[in-house]
2 protein chains.
Amino acid sequence: MKRDMFTCGLDAALAVIGGKWKPLIMFHLAHDTRRYGELKRAIGAVSHKMLIQQLKELEVDGLVHRVDHKEIPPRVDYSLTEFGQTLANALVPLCEWGTAHATEVSEMMTNREARTR
Amino acid sequence: MKRDMFTCGLDAALAVIGGKWKPLIMFHLAHDTRRYGELKRAIGAVSHKMLIQQLKELEVDGLVHRVDHKEIPPRVDYSLTEFGQTLANALVPLCEWGTAHATEVSEMMTNREARTR
DNA sequence: CCGTATCCATTGCGATACTG
DNA sequence: CAGTATCGCAATGGATACGG
């Protein structure tokens with residue numbers, strides 16, 4: 001069915017987007033450049049500390065480009081680098097999978113809660 | 001903390017394979033069914049507790065199929081369900097990305113260490 | 001508005017020991 | 001060999017306050 005090439009590029013990929021919020025960040029930057037506040041609102045569930053922290057790591061890793069306009073009030077734009085864009089592309093099938101199976105997944109989550117109690 | 005809907009498919013996908021070792025497990029089961037011990041050796045860095053735990057979750061979520069042969073000594077086979085296989089397929093591009101950019105990623109990691117110090 | 005720093009509760013996870 | 005249970009430390013991550 002498939003070839004045995006996966007031992008294991010996945011390791012490398014996970015080292016980069018393994019962070020809890022990184023895939024989401026990548027996703028939201030995939031099409032547009034966004035200001036910090038926009039990202040925060042777009043993701044919502046993430047805390048300020050986490051978002052800043054993960055953005056910083058993505059920046060250091062060369063996936064995200066950060067532009068500080070040095071204005072008052074502050075204005076900072078985030079966007080994907082070319083490199084980051086290639087990774088975002090690799091994330092697309094996963095995103096589509098999630099969309100296609102959203103209902104099944106929702107049921108799972110409720111089952112999990114029932115089990116934990 | 002309960003969530004009602006997923007803002008993008010990625011949310012749903014992450015809810016399922018968000019666990020630290022789950023993507024690796026999925027990929028090691030993508031081709032063959034494996035015994036517990038085989039998986040443990042294949043992944044290596046994972047601890048016994050973690051592997052059992054994550055396998056259990058994957059099983060409950062209907063991604064992994066578990067067969068206990070009730071033998072002595074114990075023999076338990078793990079494999080992907082049809083559903084699990086669809087998810088494994090969605091992970092392939094990510095795996096390929098990691099393979100293609102393994103060297104860049106390695107450099108990143110060393111840079112990270114330099115930064116932490 | 002954007003970013004840093006601190007405190008502190010919660011969790012993650014490894015080590016270890018025990019069962020069938 | 002496969003799985004469960006417990007203990008305890010280290011990392012995670014949220015809340016809050018402060019500064020440009």
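No hydrogens, no waters, no symmetry mates; every other heavy atom, side chains included, goes into these values.
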Exercise. Summarise how protein sits on nucleotides 12-20 of chain D as a single string, 5' to 3': B when a protein heavy atom is under 4.0 Å from the base, S for sugar-phosphate-only contact, - for no contact.
Key: -BBB----B
Exercise. Measure from the side chain of Lys56(A), starting at C-beta and using heavy atoms only, and say which of dT4(C), dG3(D), dC1(C) lies closest.
Key: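 Nearest listed nucleotide: dT4(C).
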Grab the [atom1]-[atom2] distance between [X] and [N] for me, whole Å please.
X: Glu59(A); N: dC2(C); atom1: CD; atom2: C1'; answer: 13 Å
X: Tyr78(B); N: dA2(D); atom1: OH; atom2: C1'; answer: 8 Å
X: Asp77(B); N: dG3(D); atom1: CG; atom2: P; answer: 10 Å
X: Tyr36(A); N: dT4(C); atom1: OH; atom2: P; answer: 10 Å
X: Arg34(B); N: dA2(D); atom1: CZ; atom2: P; answer: 13 Å
X: His69(B); N: dG3(D); atom1: NE2; atom2: C1'; answer: 16 Å
X: Leu55(A); N: dG3(C); atom1: CG; atom2: P; answer: 8 Å
X: Glu57(B); N: dC13(C); atom1: CD; atom2: P; answer: 10 Å

Self-check item: Aromatic centroids of Tyr36(A) and His48(A) separated by under 6.0 Å
Solution: yes
Quiz item: Can you find a side chain N or O atom of Arg66(B) that sits less than 4.0 Å from OP1 or OP2 on dA2(D)?
Solution: no
Quiz item: At under 4.0 Å, does any side-chain N or O of Arg35(B) touch on OP1 or OP2 of dC1(D)?
Solution: no
Mind checking whether [X] and [Y] have side chains closer than 4.5 Å, heavy atoms only?
X: Leu29(A); Y: Leu39(A); value: yes
X: Val105(B); Y: Trp97(B); value: yes
X: Ile25(B); Y: Leu51(B); value: yes
X: Leu24(A); Y: Leu14(B); value: yes

Quiz item: Sequence neighbours excluded, which residues qualify as side chain to side chain donor-acceptor pair (under 3.5 Å) partners of Ser47(A)?
Solution: none
Quiz item: Which atom names give the shortest non-hydrogen contact between Trp21(A) and Gln54(A), and what distance separates them?
Solution: N-OE1, 3.3 Å
